[in-house]
There are 2 protein chains.
Amino acid sequence: MSEKDRFSGALDRVLELVVLLNDDMTKSLASLGLTGSRAHLLWVLRERGPLTQRSLAQALGVSARNITGLVDALVATGFVSREPHPTDRRATLVSFTKQGEATARDLQRDQEEFAELLFAGMPREQFDAFVGGLGEVLARLAKAGLTRNAAGG
Amino acid sequence: MSEKDRFSGALDRVLELVVLLNDDMTKSLASLGLTGSRAHLLWVLRERGPLTQRSLAQALGVSARNITGLVDALVATGFVSREPHPTDRRATLVSFTKQGEATARDLQRDQEEFAELLFAGMPREQFDAFVGGLGEVLARLAKAGLTRNAAGG
DNA sequence: ATACATAGTGAAGGTGCATCACGATGAGTG
DNA sequence: CACTCATCGTGATGCACCTTCACTATGTAT
């Protein structure tokens with residue numbers, strides 16, 4: 001088997017993982033009444049506290065206009081609320097409602113459970129090797145100029 | 001560091017890889033005049049030869065109606081053509097045009113180059129460990145009932 | 001012939017994304 | 001203070017992807 005074939009095969013597996021992960025997360029999110037983008041927004045909000053929509057746009061790497069729609073939806077379903085910014089009357093702060101906080105916790109719990117599903121009981125050596133390889137691949141991607149925020153900065 | 005944290009951290013890295021991969025492939029595909037879904041269709045067509053739209057729907061895991069739109073777009077851009085099915089007058093066969101064949105080859109070349117970027121020069125041991133871990137994770141996903149086609153069958 | 005299943009598509013709708021235009025506000029300058 | 005320019009959110013519009021339901025044309029089994 002040529003090196004080329006080994007590499008392509010590995011990429012195929014990675015891609016398969018991507019598809020599977022995507023499907024599973026989408027389903028899991030749907031059961032909480034969320035979509036991927038809305039969950040992502042909640043996730044950022046949870047890590048960084050109340051934010052303006054502008055900040056959210058930057059954090060998610062999407063247009064400001066798009067955030068309006070996502071927040072609209074999350075407000076409609078009661079996960080977040082819009083508050084006036086205390087000092088800048090142009091801006092609005094997006095904050096969790098109680099329900100939103102609970103959902104964000106569920107989100108994290110689900111993620112932890114999923115990580116458990118993937119890795120629990122795996123020999124420590126294999127786990128470390130996998131994570132190491134993952135890090136190496138990520139580093140190569142970064143070196144190739146694909147650092148998530150290189151374009152968005 | 002607790003086991004839980006190690007697992008979550010690893011999942012975070014996997015998710016980061018997913019995002020990075022997605023971005024890069026989207027860009028690469030756009031340069032060929034394709035989107036992800038259309039490229040996927042071409043990919044399946046390349047592996048399995050001329051197919052009915054119904055078969056494509058199954059292969060891509062989307063609704064038949066959706067295939068109509070994807071094929072419409074690919075016909076409009078000259079990558080594929082619709083031919084009457086030789087024996088079933090209800091069905092249409094989707095086949096490559098010459099341009100489509102060339103593009104499919106480009107697609108594969110790009111994918112191989114990308115695999116090269118990710119893995120070339122990586123110590124054989126690390127590569128094998130990574131692929132092994134990947135296989136293990138994939139197996140767990142499959143065991144958890146997330147086998148790509150389990151729901152679609 | 002009749003009934004049922006299948007292939008593709010029109011219609012309508014949901015979600016995520018973008019750009020452009022615009023009003024409201026903030027901040028810097030004279 | 002008035003003027004200018006940048007910034008925040010959003011309306012309008014459009015593309016891609018996906019869905020379900022309804023419908024026609026066709027195949028198939030009884």
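Remember, it's a predicted structure, so these values are computed and weren't measured experimentally. Quick note on labels: first sequence line is chain A, next is B, and so on, each numbered from 1.
- A donor-acceptor pair shorter than 3.5 Å cannot be found between the side chains of S31(A) and S28(A).
- Note on T68(B): a side-chain N or O is less than 4.0 Å away from OP1 or OP2 of dT9(C).
- Residue L34(A) contributes atom CG, which lies 12 Å from atom P of dT15(C) at whole-angstrom precision.
- The CG-P distance, from N22(A) to dC18(D), rounds to 11 Å in whole Å.
- For R65(B) against dG8(C), a side-chain-to-base donor-acceptor contact under 3.5 Å is absent.
- Atom CG of L60(B) is separated from atom P of dC18(D) by 8 Å (rounded to the nearest Å).
- Atom CZ of R82(B) has more than 12 heavy atoms from other residues, nucleotides or ligands within 6.0 Å.
- At least one side-chain nitrogen or oxygen of S63(B) sits closer than 4.0 Å to the OP1 or OP2 atom of dT19(D).
- For R54(A) and dT25(C), the shortest distance from a side-chain N or O to OP1 or OP2 is not below 4.0 Å.
- Heavy atoms of L70(A) sit under 4.0 angstrom from primed sugar atoms or phosphate atoms, though from no base atom.
- For the OP1/OP2 pair of dG27(D) and a distance below 4.0 Å, the side-chain nitrogens and oxygens of R90(B) include no atom meeting the criterion.
- Taking atom CZ of residue R38(B) and atom P of nucleotide dC18(D), one finds them 10 Å apart after rounding to whole Å.
- For R54(A) and D88(A), the salt-bridge test fails: no basic side-chain N is under 4.0 Å from an acidic carboxylate O.
- One can place CG of D72(B) at 15 Å from C1' of dC15(D), the figure rounded to the nearest angstrom.
- Looking at which nucleotide of DNA chain D each of G36(B) and L93(A) is closest to, the 5′-most match is held by L93(A).
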Mind running salt bridge (Lys or Arg N to Asp or Glu O under 4.0 Å) on R124(B) and D128(B) for me, showing each step along the way?
-> CA-CA 6 Å; R124(B) 179 62 187 256; D128(B) 287 346; 3.2 Å; yes
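- The distance from atom CG of L56(B) to atom P of dA7(C) is 12 Å, rounded to the nearest whole Å.
- With rounding to whole Å, I67(A) atom CD1 is found 14 Å from dT19(C) atom P.
- For the pair R6(A) and F119(B), the cation-pi test (distance below 6.0 Å, angle within 45°) is failed.
- Proximity of T92(B) to the phosphate of dG8(C): a side-chain N or O atom is located under 4.0 Å from OP1 or OP2.
- Between the NE2 atom of H85(B) and the P atom of dT6(C) there is a distance of 15 Å, rounded to whole Å.
- Within 4.0 Å of N66(B), counting heavy atoms only, lies at least one base atom of the nucleic acid.
- For S37(B) and dC18(D), the shortest distance from a side-chain N or O to OP1 or OP2 is below 4.0 Å.
- Between the side chain of R89(B) and the base of dG27(D), no donor-acceptor pair under 3.5 Å is found.
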